[in-house]
Amino acid sequence: MFTQAIARKPGKNFAQGLTSTVSAEPPQFELLCKQHNTYLETLKSCGLEITLLDPLPDYPDAYFVEDTAVVTPDVAIITNPGAKTRKGEEDFMAPVLAGFRKIERILVSGTVDGGDVLQVGNHFLIGLSERTNKAGAAQLGRILESVGHTWATVEVGAGLHFKSSVNYVGQNTLLVTADFAEHEALSEFNKIVLEKAEAYAANTLLVNEHLLMPTGFADTRKQLEVLGFDIIELETSEVRKMDGGLTCMSIRF
Ligand code: GLY
């Protein structure tokens with residue numbers, strides 16, 4: 001059971017953050033804040049206590065807190081984010097997590113973004129992406145092993161982060177985009193494979209007995225309903241414009 005979440009308010013300059021998404025309308029700060037607030041209220045309604053941090057003006061992507069740390073029951077591993085403009089965000093997260101866990105760190109030349117790290121029970125899948133390199137994955141794996149976890153790497157050939165395309169939705173089942181449907185590293189799991197038009201719904205977040213999914217993906221919702229969890233749809237239009245989603249905006253533990 002998760003009991004805690006850490007999040008950070010978006011800053012007014014959030015639209016200067018990294019994105020590959022071309023949107024018809026520019027991102028709207030007030031709408032993002034409204035959606036972010038609803039997200040936090042939803043996490044609270046799922047039983048989580050929220051630690052809400054202030055924006056970091058020098059880091060427009062800093063509200064994507066998940067990339068800065070991987071937290072297990074025993075340890076908080078502070079990452080070394082893979083994007084140049086995001087290096088340094090992790091130094092603001094370390095003292096916050098030190099209040100909850102023993103701290104370990106990913107060291108140069110290893111890079112890891114938390115968005116590439118998916119926990120499934122005692123096992124961690126670590127995506128190798130443009131943000132997470134082999135050295136970083138190996139460091140993270142060694143730390144995870146030292147506290148009793150297993151891990152494996154997965155090549156991320158598509159999408160920004162591994163969790164842009166693959167998430168765990170309970171009952172040994174992964175929600176995956178078509179790119180990951182036949183991925184050998186994921187062969188031991190049942191899979192729900194998303195229609196291309198609903199690929200963004202891969203960024204669905206299991207929080208205790210609740211599945212938080214982005215609004216507007218009716219086919220995916222139907223498939224998820226079979227799993228029997230409470231499904232909560234959340235509007236993510238503004239964060240999507242910045243290549244973000246539901247998993248990125250908090251660290252849960
Ligand atoms: N805008 C999210 C990221 O690229 O890290």
Side-chain angles (χ1 to χ4, degrees), residues 5-36 39-40 53-71 77-94 96-97 106 108 110-118 125-133 136-137 140 154-167 177 179 199-205 212 214 234-252:
I6 296 176
R8 186 181 292 287
K9 291 179 198 163
K12 283 192 176 141
N13 63 348
F14 84 103
Q16 291 166 19
L18 299 168
T19 187
S20 62
T21 303
V22 181
S23 31
E25 296 289 328
Q28 304 292 321
F29 179 62
E30 280 174 16
L31 187 52
L32 173 66
C33 290
K34 190 169 166 234
Q35 293 172 358
H36 192 259
Y39 172 76
L40 297 179
L53 308 173
D54 287 331
L56 296 177
D58 291 338
Y59 296 96
D61 278 313
Y63 63 110
F64 294 129
V65 282
E66 184 186 54
D67 292 318
T68 62
V70 176
V71 181
I77 302 145
I78 305 300
T79 65
N80 177 29
K84 267 190 196 150
T85 57
R86 301 197 59 189
K87 284 188 198 298
E89 289 179 21
E90 72 283 8
D91 292 333
F92 292 91
M93 189 54 70
V96 179
L97 280 168
I106 302 299
V108 176
T111 64
V112 171
D113 273 16
D116 283 317
V117 184
L118 177 63
L125 294 163
I126 306 173
L128 298 175
S129 70
E130 285 180 12
R131 302 286 178 89
T132 298
N133 66 17
L140 176 59
V154 186
E155 289 288 342
V156 180
L160 171 59
H161 287 125
F162 182 51
K163 285 191 285 193
S164 310
S165 304
V166 179
N167 280 282
T177 61
D179 293 303
Y200 181 75
N203 198 253
T204 284
L205 175 61
L212 279 50
L234 290 172
E235 185 55 68
T236 55
S237 62
E238 303 315 290
V239 78
R240 186 177 180 180
K241 291 174 186 171
M242 302 309 300
D243 286 352
L246 296 170
T247 58
C248 329
M249 293 188 287
S250 62
I251 302 172
R252 290 82 45 198

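All ligand and atom numbering here is 1-based and tracks the order in the structure.
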- Task: Would you mind listing which atoms of ligand 1 come within a distance below 4.0 Å of any non-hydrogen atom of L160?
- Result: 3 (C), 4 (O)
- Going by the atom numbers of ligand 1, which of them fall below 4.0 Å from some non-hydrogen atom of F64? 1 (N), 2 (C)
- May I ask whether D61 places a heavy atom under 4.0 Å from ligand 1?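 A heavy atom of D61 does come that close to ligand 1.
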- Message: Among P27, S237, P10, exactly one meets side chain to side chain contact (heavy atoms under 4.5 Å, CB included) together with L32. Which residue is that?
- Response: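 In the set P27, S237, P10, the residue that makes a side chain to side chain contact (heavy atoms under 4.5 Å, CB included) with L32 is P10.
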- Partner of I6 under side chain to side chain contact (heavy atoms under 4.5 Å, CB included), picked from T68, V96, V71, is V96
- Return the orientation label for the F29 and F14 ring planes: parallel under 30°, perpendicular over 60°, tilted otherwise.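 F29 vs F14 ring planes: tilted.
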- Query: Can an N or O of R86 be found at a distance shorter than 3.5 Å from an N or O of ligand 1?
  - Reply: yes
- Message: Under a plain distance cut-off of 3.5 Å, with no hydrogens placed, do T204 and N167 share a side-chain donor-acceptor pair?
- Response: no
- Task: Using only heavy-atom distances, determine whether the side chains of R252 and S250 contain a donor-acceptor pair under 3.5 Å.
- Result: yes
- Identity and distance of the protein heavy atom lying nearest atom 4 (O) of ligand 1: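 Checked against all protein heavy atoms, atom 4 (O) of ligand 1 sits closest to R131 NH2, 2.8 Å.
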- Note the single closest protein heavy atom to atom 1 (N) of ligand 1, along with its residue, its atom name and the distance in Å.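 It is L18 O, 2.7 Å.
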